[in-house]
2 protein chains.
Amino acid sequence: MTVTRSRTRQDVVAAAGRLFASRGYHGTSMRDLAREVGLLGSSLYSHIDSKADLLVEVVEQGAALFQASADRVENAGGTGAEQLAALVEGHVDVVLDHIDEARTFLYEADALDETHRQRVLAARDRYEAAFRRVLVTGAKDGSFQTDLDPAITAIMILSILNAVERWYRPGGRLDRRQLAAEILRFCSNGVGT
Amino acid sequence: MTVTRSRTRQDVVAAAGRLFASRGYHGTSMRDLAREVGLLGSSLYSHIDSKADLLVEVVEQGAALFQASADRVENAGGTGAEQLAALVEGHVDVVLDHIDEARTFLYEADALDETHRQRVLAARDRYEAAFRRVLVTGAKDGSFQTDLDPAITAIMILSILNAVERWYRPGGRLDRRQLAAEILRFCSNGVGT
DNA sequence: CCTACCGATCGGTAGG
DNA sequence: CCTACCGATCGGTAGG
C-alpha cells in the first residue's frame, strides 16, 4: 500500500539542491522544481518564501558540511601530514555524499544577493584557512617542505579537491579511498622523480 | 573627435562572452547583451541568429584557444618536463588573456544543446590527451616517476590550471610567469620533504 | 538599427 | 495544496 504523504520543507530544499546543481540557479524555474517534488508551482510557496531563499539554504548547507569536516580535523590534531590526509579524505567524503550542496556552494554563489555572496566568500576563506594552517603545521613538524607558500599551496590542493565532482563517478576504477590516496600522493610528491 | 561606429558581429560575440562568463548563459538576457553593446534587444538579431548560437561561438573560441596551445607544445617537442612546463605556461596564458572564452568553455557547456555539448566534451578530452601524452613521454625519458597514472594525473594538473581564473588576479603578488612556475613546482614536487 | 509587437514563461500572490 | 491569476520579462519576428 503506497501512501502519498505531503512534502516537507526539506524535500523542497533537497530537490532545489538537485536542480541548482545540475542546471544552475538561473536555469531552474520554480515550475521545474515543483514538478521535481510533485506539486504545482504555486504550491511551493506554502513551504518556502522565495527562490532566492532556497539558494541561500542550499549554499549554507554546503558551507556547513565542508566546515564541519575541517573542524573535525582540527580537533583530532596530529602531524601536518596526518591532518592534510584527513582534510583530503573529509573533502572527498563531502563531495561524494552531498554533491548537490557541494556543487551549489562551489558554483552558484554568484547568483546570491551581495550580502549572502559575501558570506559564502567568507565561509570559503575560513575553510581554506584550515588548509593553510595544516600546511604551516606540517612545515614546522617536518612533514612538508619548509619554504612552501601556504596560501597558494592551499589553493592548489583545493583546486584538485573541488574539481573531483566534475569527473569522478562512483563505481569506476577507483573507490573513494583510492581516490583520496591518489590525490594525497600527487599533493605530496607530484610527478617528479 | 569621437565617432560612434556600428557594431560588428565580433563585438556582439565578445560582449556575449563577457556576460556569459560573469553571469552565466541563463543569467544573461538578450536585453542585457544589447545594453552591453549599445543597442536595443531586437537589433542584435541583425548580427546573430539566436542566443544559443552565441554560446556555441564563444565556447568554440575557448576550445580553439586551448587546443592551439597544446598543438604548439606538441610541435615544439622536447622532454616530458619541458613539454609539461610549456603546457602549464600555455594554459595560464589562455586563461589570463582570454578569460571570458575560457570561463564559458569551462563552465557553460551544460547550457548547450546536446550535440554541441558532446562536441565540447570531446574537445576537452582531446586537450586533456595532450597532457596524458606528455606525462607518458616524461615517464619514459626520466622526467617523471614511472608508476604514475597518466589519466588521473592529467586531471589533477588541469584541475589546478582551470581553477586559476577563480582566484588569480593580475597585478598581485605573483606575475603570470611566477604563477606558472609555482604551479609547475607543485605539480613536480608537491608539498613533501 | 529602430518601432512595435508576439506568445511563452518567469517568480509570485489571493483566496479557498 | 490547488485554482486562477498578476505584472514583468523572456527570446525572437515583421516591417521599415
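Quantities reported herein were computed from a predicted structural model and do not represent experimental measurements. Note on naming: letters A, B, ... go to the chains in the order of the sequence lines (proteins, then strands), and numbering restarts at 1 for each one.
For residues 42-58 of chain A, every residue pair satisfying the salt bridge (charged side-chain N to carboxylate O under 4.0 Å, His left out) rule, not counting sequence neighbours, is listed here: A:R9-A:E57. Within the structure, salt bridge (charged side-chain N to carboxylate O under 4.0 Å, His left out) contacts touching residues 22-35 of chain A (residues at least two apart or in different chains) are A:R23-A:D32, A:D32-A:R35. Legend: ring pair (Phe, Tyr, Trp, His ring centres under 6.0 Å) pairs involving residues 172-192 of chain A, not counting sequence neighbours: none detected.
The distance from atom CG of B:L54 to atom C1' of D:dG12 is 13 Å, rounded to the nearest whole Å. Between the CG atom of B:D32 and the P atom of D:dC10 there is a distance of 6 Å, given to the nearest Å. When rounded to the nearest whole Å, the span between CZ of A:R9 and C1' of D:dC1 equals 17 Å. At whole-Å resolution of the value, CG in A:L39 and C1' in D:dC2 are 10 Å apart. Remark: C1' of C:dT13 and CD1 of A:I48 are 13 Å apart, rounded to the nearest angstrom. At whole-Å resolution of the value, OH in B:Y45 and P in D:dA14 are 13 Å apart. Between B:M30 atom CE and C:dC10 atom C1' the separation is 18 Å, expressed in whole Å.
Not counting sequence neighbours, A:E89 has no partner by the side chain to side chain donor-acceptor pair (under 3.5 Å) test. For B:A63, the side chain to side chain contact (heavy atoms under 4.5 Å, CB included) partners are B:F105, B:A123, not counting sequence neighbours. Looking at residues two or more places apart in sequence or on another chain, you find a side chain to side chain contact (heavy atoms under 4.5 Å, CB included) between A:L40 and A:S43. Remark: A:A181 engages no residue in a side chain to side chain contact (heavy atoms under 4.5 Å, CB included) (not counting sequence neighbours).
Proximity of A:I152 to B:Q178: side-chain heavy atoms (C-beta onward) are nowhere separated by under 4.5 Å.
Non-hydrogen atoms lying under 4.0 Å from DNA chain C are contributed by nothing in residues 14-26 of chain B.
A donor-acceptor pair shorter than 3.5 Å can be found between the side chains of B:E114 and B:Q118.
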Only distances under 3.5 Å count here; give the side-chain donor-acceptor pairs of residues 68-75 of chain B to other protein atoms, sequence neighbours excluded, each with its distance to 0.1 Å.
from	atom 1	to	atom 2	distance (Å)
B:D71	OD1	B:Q67	NE2	3.0
B:E74	OE1	B:R133	NH2	2.9
B:E74	OE2	B:R133	NE	2.7
B:E74	OE2	B:R133	NH2	3.4
B:N75	ND2	B:D71	O	3.2

Pairs under 3.5 angstrom only: tabulate donor-acceptor contacts from the side chains of residues 157-171 of chain B to other protein residues two or more places apart or in another chain.
from	atom 1	to	atom 2	distance (Å)
B:S159	OG	B:I155	O	2.7
B:N162	OD1	B:H91	NE2	3.0
B:N162	ND2	B:L158	O	3.2
B:E165	OE1	B:R103	NH1	2.9
B:E165	OE2	B:Y107	OH	3.4
B:R166	NH2	A:L106	O	2.6
B:Y168	OH	B:L174	O	2.6
B:Y168	OH	B:R176	N	3.4
B:R169	NH1	B:E165	O	3.1
B:R169	NH2	B:E165	O	3.4

Got a list of protein N/O to nucleotides 3-9 of chain C N/O distances below 3.5 Å?
from	atom 1	to	atom 2	distance (Å)
C:dT3	O4	B:S42	OG	2.9

- Message: If a pair means Watson-Crick or G-U wobble with both distances below 3.5 Å, what does DNA chain D look like in dot-bracket form, with | marking bases paired to a different strand?
- Response: ||||||||||||||||

